[in-house]
Amino acid sequence: MKILFINGSPNKNGNTVNLTKKFLKDKEYETLHLVDYKIYSYGQSFDDDQFDEVVNKMSEADMIVLGSPLYWHSMSGAVRNMIDCFYQHVDESLLKGKDFYFVFQGYAPTKQQEEAGEYTMKRFASLYGMNYKGMITK
């Protein structure tokens with residue numbers, strides 16, 4: 001099984017990565033750090049945009065783990081931007097059947113913040129045919 005972890009934190013060795021390591025203990029996986037990719041805002045079009053590279057990596061995986069720290073009461077901007085770019089750009093069947101987990105961590109997130117994050121990820125997974133397996137929190 002090919003597992004892809006997408007780190008939505010600018011910190012490559014921070015709490016999001018550490019929580020994911022615990023979750024994926026004893027499993028082999030590839031890590032993609034969103035901060036290493038240029039993904040422009042939805043609606044912008046530049047030749048050096050790397051959104052398609054990220055999507056291709058996702059399409060090659062059997063299981064996708066998307067991680068985000070809790071910033072300003074929600075997921076990181078990098079994660080939100082990546083999800084926004086899917087709209088009207090990615091075929092809805094491309095990720096069909098893939099298992100999808102959301103790692104969401106932050107200092108004392110409220111119930112409402114966790115519910116909002118989980119709602120967004122369930123909806124995202126549903127729209128692209130992925131099997132939402134749950135949210136992992138600290």
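- Between the side chain of Asn81 and the backbone N or O of Gly77, no donor-acceptor pair lies under 3.5 Å.
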Exercise for the section: Take Phe23 and Val65, measure what side-chain contact (heavy atoms from CB on, under 4.5 Å) needs, and give me the verdict at the end. Expected result: CA-CA 10 Å; Phe23 170 63; Val65 179; 4.1 Å; yes
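- The two residues Gln50 and Ile39 come nearest to each other via the heavy atoms C-CG1, 4.4 Å.
- Of the possible donor and acceptor atoms, one in the side chain of Asp49 sits under 3.5 Å from a partner among the backbone N and O of Tyr40.
- Residues passing the salt bridge (Lys or Arg N to Asp or Glu O under 4.0 Å) test with Lys96, sequence neighbours excluded: none.
- Between Pro10 and Val35, the closest heavy-atom pair is CA-CG1, 3.3 Å.
- Checking side-chain atoms of Thr120 against main-chain N and O of Ala116 turns up a donor-acceptor pair under 3.5 Å.
- Residues Tyr71 and Ser76 share a closest heavy-atom pair of CD1-CB, 3.8 Å.
- When every heavy atom of Gly8 is checked against every heavy atom of Val79, the shortest pair comes out as CA-CG2, 3.5 Å.
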Which donor-acceptor pairs under 3.5 Å do the side chains of residues 14-22 make with protein atoms, sequence neighbours left out?
residue : atom : partner : partner atom : Å
Thr16   : OG1  : Gln105  : NE2          : 3.0
Asn18   : ND2  : Gly14   : O            : 3.2
Thr20   : OG1  : Thr16   : O            : 2.9

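- Shortest non-hydrogen contact noted between Leu66 and Phe102 is O-CD1, 3.1 Å.
- Contacts of Glu114 classified as salt bridge (Lys or Arg N to Asp or Glu O under 4.0 Å), with partners at least two apart in sequence or in another chain: none.
- Here side-chain hydrogen bond (donor to acceptor under 3.5 Å, both in side chains) pairs that include residues 27-39, with residues two or more places apart or in two chains, are Asn7-His33, Lys12-Asp36, Glu30-Lys57, Lys38-Asp48.
- A side-chain N or O of Asp91 and one of Ser93 form a donor-acceptor pair less than 3.5 Å apart.
- Partners of Phe100 under the ring pair (Phe, Tyr, Trp, His ring centres under 6.0 Å) rule, at least two apart in sequence or in another chain, are Phe124.
- Remark: the backbone N or O of Phe86 is paired with a side-chain donor or acceptor of Tyr128 at under 3.5 angstrom.
- Closest approach of Met1 to Asp99, counting heavy atoms only: CE-OD2, 4.5 Å.
- Applying the salt bridge (Lys or Arg N to Asp or Glu O under 4.0 Å) rule to Glu115 yields the partners Lys111; only residues at least two apart in sequence or on another chain are considered.
- Counted within 6.0 Å of CZ on Phe46, heavy atoms from surrounding residues, nucleotides or ligands total more than 12; the atom is thus considered enclosed.
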